[in-house]
Amino acid sequence: MKANPETKQAVVDAARTWLGDRDPATVSLREVARALGTTPTSMYRHFDSMHDLRVALGLQQGTRPVVAEAPTSVPESFTDSFVDRAASPERIRTVIAELMGETFSIGPIGVGPGQRAKAVAQGRVGTIEVVQGPNRTLHAQVPVSLEIVIVVGRMRKNVAARIVVPITIAPQVNGALELLIDVVRPRPSAIAVTLDERRMSANVLKIGRIDSLLRAQTITYIDTVLDSPAGRAATVIDLGDLIDTAWQPGMIAS
């Protein structure tokens with residue numbers, strides 16, 4: 001959504017002051033954003049590119065307007081190829097493994113009538129599988145083996161469990177030059193839960209709603225991971241900053 005004209009005018013005035021004698025052709029829109037103390041995303045609400053800002057500056061300074069060049073169309077195949085390489089199944093598998101970690105913990109949580117019993121689950125994340133789907137989506141299966149300890153008064157029971165968490169990832173590039181890794185949170189019913197009923201009666205497991213609690217706690221765990229600094233850094237990648245960093249003076253070997 002474009003910002004209002006008054007705000008855009010204020011941005012142009014501030015950019016003109018900061019630029020001074022600098023050649024606008026030698027700076028990027030992101031550099032201007034940083035200099036003005038704003039974000040690249042905010043700048044993109046006013047201008048689609050640095051070229052647009054140069055046009056606005058040229059018109060307001062009374063100089064010869066910058067002639068808009070015919071836009072160069074970027075083949076859709078380029079975007080597809082870029083996203084396929086940046087968010088390949090193997091790369092996504094590695095990122096999920098690093099974010100999830102090797103261990104998985106749940107609880108203590110109340111279970112059973114009145115939640116008088118307490119359950120704690122400790123487990124390990126198994127081999128994650130990621131396959132390519134249509135429209136560049138990726139589908140991951142995250143298996144977790146759990147050992148659940150249920151304590152009711154003086155009674156202590158161990159239950160083995162295995163859950164498989166399906167995660168859908170939809171990578172895309174937006175107009176602000178950000179690679180977005182959109183992670184679709186699974187529905188609770190989509191999380192497969194297998195309990196070893198041989199080590200505890202099926203009736204106890206049913207009354208305690210162990211399977212439902214595991215599904216709910218797993219989704220909470222995923223939300224916590226995605227909301228963490230590491231999760232945010234892995235799902236929103238500023239490509240413009242990476243380019244600016246790569247082309248800093250002295251970064252390119254002579």
Side-chain angles (χ1 to χ4, degrees), residues 87-133 137-153 155-171 179-237:
S88 66
E90 180 58 29
R91 198 183 302 274
I92 292 298
R93 188 198 69 78
T94 301
V95 170
I96 293 176
E98 290 182 354
L99 288 176
M100 295 289 291
E102 295 182 355
T103 59
F104 191 93
S105 301
I106 294 177
I109 54 176
V111 298
Q115 297 189 341
R116 291 193 297 269
K118 299 298 179 183
V120 176
Q122 299 286 339
R124 296 189 66 82
V125 178
T127 301
I128 299 169
E129 296 182 1
V130 180
V131 297
Q132 185 85 48
T137 58
L138 298 121
H139 301 283
Q141 296 283 331
V142 184
V144 182
S145 299
L146 292 169
E147 186 73 19
I148 307 169
V149 179
I150 301 176
V151 178
V152 185
M155 182 182 73
R156 179 187 179 97
K157 293 289 185 178
N158 287 26
V159 181
R162 185 176 189 272
I163 61 176
V164 179
V165 186
I167 299 176
T168 300
I169 299 98
L179 175 61
L180 305 178
I181 307 298
D182 185 20
V183 179
V184 180
R185 188 179 72 167
R187 299 187 308 275
S189 59
I191 300 175
V193 178
T194 304
L195 297 168
D196 185 358
E197 298 180 357
R198 295 171 301 174
R199 293 165 64 180
M200 177 170 281
S201 70
N203 189 44
V204 171
L205 295 174
K206 182 177 180 181
I207 292 175
R209 298 176 60 246
I210 300 297
D211 54 348
S212 297
L213 288 170
L214 285 177
R215 291 185 177 98
Q217 289 295 316
T218 297
I219 291 178
T220 299
Y221 183 87
I222 293 173
D223 286 342
T224 301
V225 169
L226 293 177
D227 289 339
S228 69
R232 291 193 296 269
T235 53
V236 180
I237 302 171

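Computed over heavy atoms, backbone and side chain alike; hydrogens, waters and symmetry mates excluded.
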Do the side chains of T137 and I169 get nearer than 4.5 Å, heavy atoms only?
no
What closest approach, in Å, do G101 and V125 show between heavy atoms, and which atom pair accounts for it?
O-CG2, 3.4 Å
I96 CD1 to E129 CD distance, which is reported to the nearest 0.5 Å
11.5 Å
More than 12 foreign heavy atoms under 6.0 Å from CD of Q132: is that the case here?
yes
I150 and A119 have their tightest heavy-atom pair at CG1-CB, 4.1 Å
Matching residue for I148 among D196, N158, L214, V120 - test: side-chain contact (heavy atoms from CB on, under 4.5 Å):
L214
Does some side-chain heavy atom of D227 sit less than 4.5 Å from a side-chain heavy atom of V225?
no
Report yes if some heavy atom in the side chain of I92 is under 4.5 Å from a heavy atom in the side chain of T94; otherwise report no.
no
Between I219 and P188, the two heavy atoms sitting closest are CD1-CG, 3.6 Å
Are I109 and Q217 close enough that some pair of their side-chain heavy atoms sits under 4.5 Å apart?
yes
May I have the step-by-step check of side-chain contact (heavy atoms from CB on, under 4.5 Å) for V165 and Q141, ending in yes or no?
CA-CA 6 Å; V165 186; Q141 296 283 331; over 6 Å; no
What distance do E147 atom CD and F104 atom CZ have between them, rounded to the nearest 0.5 Å?
15.0 Å
Full working for side-chain contact (heavy atoms from CB on, under 4.5 Å) between T103 and Q122
CA-CA 7 Å; T103 59; Q122 299 286 339; 5.7 Å; no
Of the options V142, T218, I222, which is the one that meets I191 in a side-chain contact (heavy atoms from CB on, under 4.5 Å)?
T218
Heavy-atom closest pair, residues P166 and P186
O-CB, 3.2 Å
Partners meeting side chain to side chain donor-acceptor pair (under 3.5 Å) with T168 (sequence neighbours left out):
H139
Rounded to the nearest 0.5 Å, the OG1 atom of T235 sits from the CG atom of L179 at a distance of 10.0 Å
So, does Y221 use its side chain to make a donor-acceptor pair with the main chain of A216 at under 3.5 Å?
no
Quick one: are P89 and V131 in side-chain contact, heavy atoms under 4.5 Å?
no
Grab the two heavy atoms, one from G110 and one from L213, that are nearest each other, plus how far apart they are.
O-CD1, 3.7 Å
Give a yes or no on whether the backbone of T194 and the side-chain of R162 come within a donor-acceptor separation of less than 3.5 Å.
no
For the pair V183 and I167, evaluate side-chain contact (heavy atoms from CB on, under 4.5 Å) and give the outcome as yes or no after the intermediate values.
CA-CA 7 Å; V183 179; I167 299 176; 3.5 Å; yes
Applying salt bridge (charged side-chain N to carboxylate O under 4.0 Å, His left out), which residue pairs with at least one partner in residues 182-192 are found, sequence neighbours left out?
R185-D223
Just how far is it from atom CG of L226 to atom CD1 of I181, taken to the nearest 0.5 Å?
11.5 Å
Can you list every pair that meets salt bridge (charged side-chain N to carboxylate O under 4.0 Å, His left out) and has a residue in residues 88-99, with sequence neighbours left out?
E90-R93
Separation between CG of L195 and CG of D211, rounded to the nearest 0.5 Å:
6.0 Å
Test side-chain contact (heavy atoms from CB on, under 4.5 Å) on I237 and L180; report intermediate values, then the result.
CA-CA 7 Å; I237 302 171; L180 305 178; over 6 Å; no
